[in-house]
Amino acid sequence: MPKFWLMKSEPDVYSVKDLAAEKTKTTHWDGVRNYAARNHMRAMAVGDRVLYYHSNCKPAHVAGTAKVVREAYPDFTAWDKSDKHYDAKSPQDNPRWDMVDIKLEQVFDLPVTIDDIKATKSLAKMVLLNNTRLSVQPVTKSEFDTILKLASQLAKKGK
DNA sequence: GCCAACGTTGGC
DNA sequence: GCCAACGTTGGC
């Protein structure tokens, strides 16, 4: 049974379009420097499903879906002094931070906005709405399915 | 650009 | 081990 997750990215930094532009439609999810988020990545398995969320834009929204294609391994950007996310406390012989690889699955025709999510009663318990700062978070199967349903309804309506 | 929420750091 | 200060995230 796959598990379900939501991963946030600022579209100015790395958007779903950037992911779509990769030759393999795959990227490594570097730069997570928060223990709770890291632990969620460590709990991921190949085949798990991911909601790709664009934060820090208006309106914030789920832009599409992706799949985990490589399980947690050390985030090498923590070793690069020139990288924004360099961390001296994560040495090569004892890495503190991990990342996973994800592959793009689907880009929604129309984004599912945070307002759409707030307007949907069955999504009221999403971590997204209750622990707003967590950048990698678990999602239930029914929440995941509901978001997909919303996406196809919005696409049909042409909103 | 503001500010609330929250995670991390560091002094004690 | 507590907690105040500080920095960052992220919605508005």
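What you see below is based on every heavy atom in this structure, not just the backbone, and it leaves out hydrogens, waters and symmetry mates. To find a chain, count down the sequence lines: A is the first, B the second, and so on, and within it residues start at 1. As the structure is a computational prediction, the values presented were derived from the model and not from experiment.
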Give the rounded distance in Å between these two atoms: [atom1] of [X] and [atom2] of [N].
| X | N | atom1 | atom2 | value |
| --- | --- | --- | --- | --- |
| Tyr53(A) | dT9(C) | OH | C1' | 11 Å |
| Arg96(A) | dT9(B) | CZ | C1' | 12 Å |
| Leu134(A) | dT8(B) | CG | P | 11 Å |
| Glu10(A) | dC12(C) | CD | P | 15 Å |
| Asn39(A) | dG7(B) | CG | C1' | 14 Å |
| Asn131(A) | dC6(B) | CG | C1' | 8 Å |
| Lys8(A) | dA5(B) | NZ | P | 15 Å |
| Met7(A) | dT9(C) | CE | P | 16 Å |

(request) Please figure out whether Asn56(A) or Asn34(A) has its closest DNA chain B nucleotide nearer the 5' end. (result)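 Looking at the nearest nucleotide for each, Asn56(A) comes out on the 5' side.
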(request) Between Tyr35(A) and Thr132(A), name the one whose nearest nucleotide on DNA chain B is closer to the 5' end. (result)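 By nearest-heavy-atom nucleotide position, the 5'-most residue is Thr132(A).
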(message) Return the CD to CG distance between Glu22(A) and Asp18(A), rounded to the nearest 0.5 Å.
(response)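 Here the interatomic distance stands at 7.5 Å.
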(message) Could you check whether any side-chain N or O of Asn39(A) sits under 3.5 Å from a backbone N or O of Ala36(A), counting only pairs where one atom can act as donor and the other as acceptor?
(response)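 No, because the side chain of Asn39(A) does not come within donor-acceptor range (under 3.5 Å) of the backbone of Ala36(A).
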(message) Using every non-hydrogen atom in the two residues, find where Val32(A) and Asp75(A) come nearest and quote the distance to one decimal.
(response)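 Taking every non-hydrogen atom into account, N-OD2, 4.1 Å.
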(message) If you only use heavy atoms from C-beta on, which nucleotide in dC6(B), dG10(C), dT9(B) is closest to the side chain of Arg133(A)?
(response)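 It is dC6(B).
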(request) Say whether Asp116(A) and Thr113(A), considering side chains only, have a donor N or O and an acceptor N or O under 3.5 Å apart. (result)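 Checked: Asp116(A)/Thr113(A) side chains pair up, N/O donor to acceptor below 3.5 Å.
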(message) So Lys58(A), base contact, sugar-phosphate only, or nothing? Heavy-atom distance under 4.0 Å.
(response)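 No contact at all - Lys58(A) keeps every heavy atom at 4.0 Å or more from the nucleic acid.
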